[in-house]
Amino acid sequence: MYPWVLFAHLMYFLAEGSTDQVGIVPWLAWHTFLWGTTLYPVVYFACGAMGWERANWGSAKSTVFYSLAPLLYLFFLVGLFALLDSQLLT
């Protein structure tokens with residue numbers, strides 16, 4: 001499914017800008033959400049590689065942190081989406 005999401009994001013980034021004026025908060029939240037979801041595989045694989053490396057050292061706490069980091073990243077993105085949604089509906 002992610003390749004389709006990436007394709008949709010690339011189409012958005014390459015599209016011409018709208019002439020509608022929006023506030024800075026919705027614009028910033030929207031672009032942060034788009035860049036964040038576009039770069040999610042980088043976060044996922046980087047945390048997986050670091051967790052794998054730390055697991056070989058025997059550090060359980062850092063292994064747990066690196067396994068939870070992608071989930072925390074997704075919670076952050078959901079929060080941005082909620083902010084964007086609340087700004088657009090008001």
Side-chain angles (χ1 to χ4, degrees):
M1 172 143 168
Y2 183 78
W4 298 111
V5 172
L6 180 62
F7 184 66
H9 288 186
L10 289 176
M11 287 191 309
Y12 175 80
F13 289 132
L14 296 175
E16 292 183 17
S18 173
T19 59
D20 295 339
Q21 296 295 326
V22 294
I24 189 70
V25 173
W27 183 87
L28 185 62
W30 182 250
H31 280 82
T32 305
F33 178 76
L34 280 173
W35 279 108
T37 54
T38 302
L39 296 176
Y40 177 72
V42 174
V43 171
Y44 183 81
F45 288 116
C47 288
M50 292 298 291
W52 182 265
E53 182 181 339
R54 299 289 180 177
N56 290 335
W57 289 356
S59 176
K61 288 183 181 181
S62 62
T63 303
V64 170
F65 169 75
Y66 286 117
S67 66
L68 289 177
L71 184 62
L72 295 174
Y73 184 77
L74 285 178
F75 284 146
F76 172 72
L77 291 177
V78 167
L80 280 176
F81 186 74
L83 175 69
L84 174 68
D85 191 39
S86 69
Q87 289 291 324
L88 289 178
L89 291 178
T90 58

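We use all heavy atoms of the structure for the numbers below, so side chains are in, but hydrogens, waters and symmetry mates are not.
With sequence neighbours excluded, the residues forming a side-chain contact (heavy atoms from CB on, under 4.5 Å) with Tyr12 are Trp30, His31, Leu34, listed by chain and number. Every side-chain contact (heavy atoms from CB on, under 4.5 Å) that Leu74 has, sequence neighbours left out, goes to Tyr40, Leu77. Checked against side-chain contact (heavy atoms from CB on, under 4.5 Å), Val43 has the following partners two or more places apart in sequence or in another chain: Cys47, Tyr73. Under the ring pair (Phe, Tyr, Trp, His ring centres under 6.0 Å) criterion, Trp35 pairs with Phe13, not counting sequence neighbours.
Linking ILVMFWY residues whenever their side-chain heavy atoms come closer than 4.5 Å, directly or via other members, leaves Leu39 and Val78 in distinct clusters.
Nearest approach of Pro70 to Ser67, heavy atoms of both residues: CD-O, 3.7 Å.
In this structure, Met50 belongs to a hydrophobic cluster whose other members, linked by side-chain heavy atoms under 4.5 Å apart, are Phe65, Tyr66. Members clustered with Phe7: Met11, by chain and number, using a 4.5 Å side-chain heavy-atom cutoff among hydrophobic residues.
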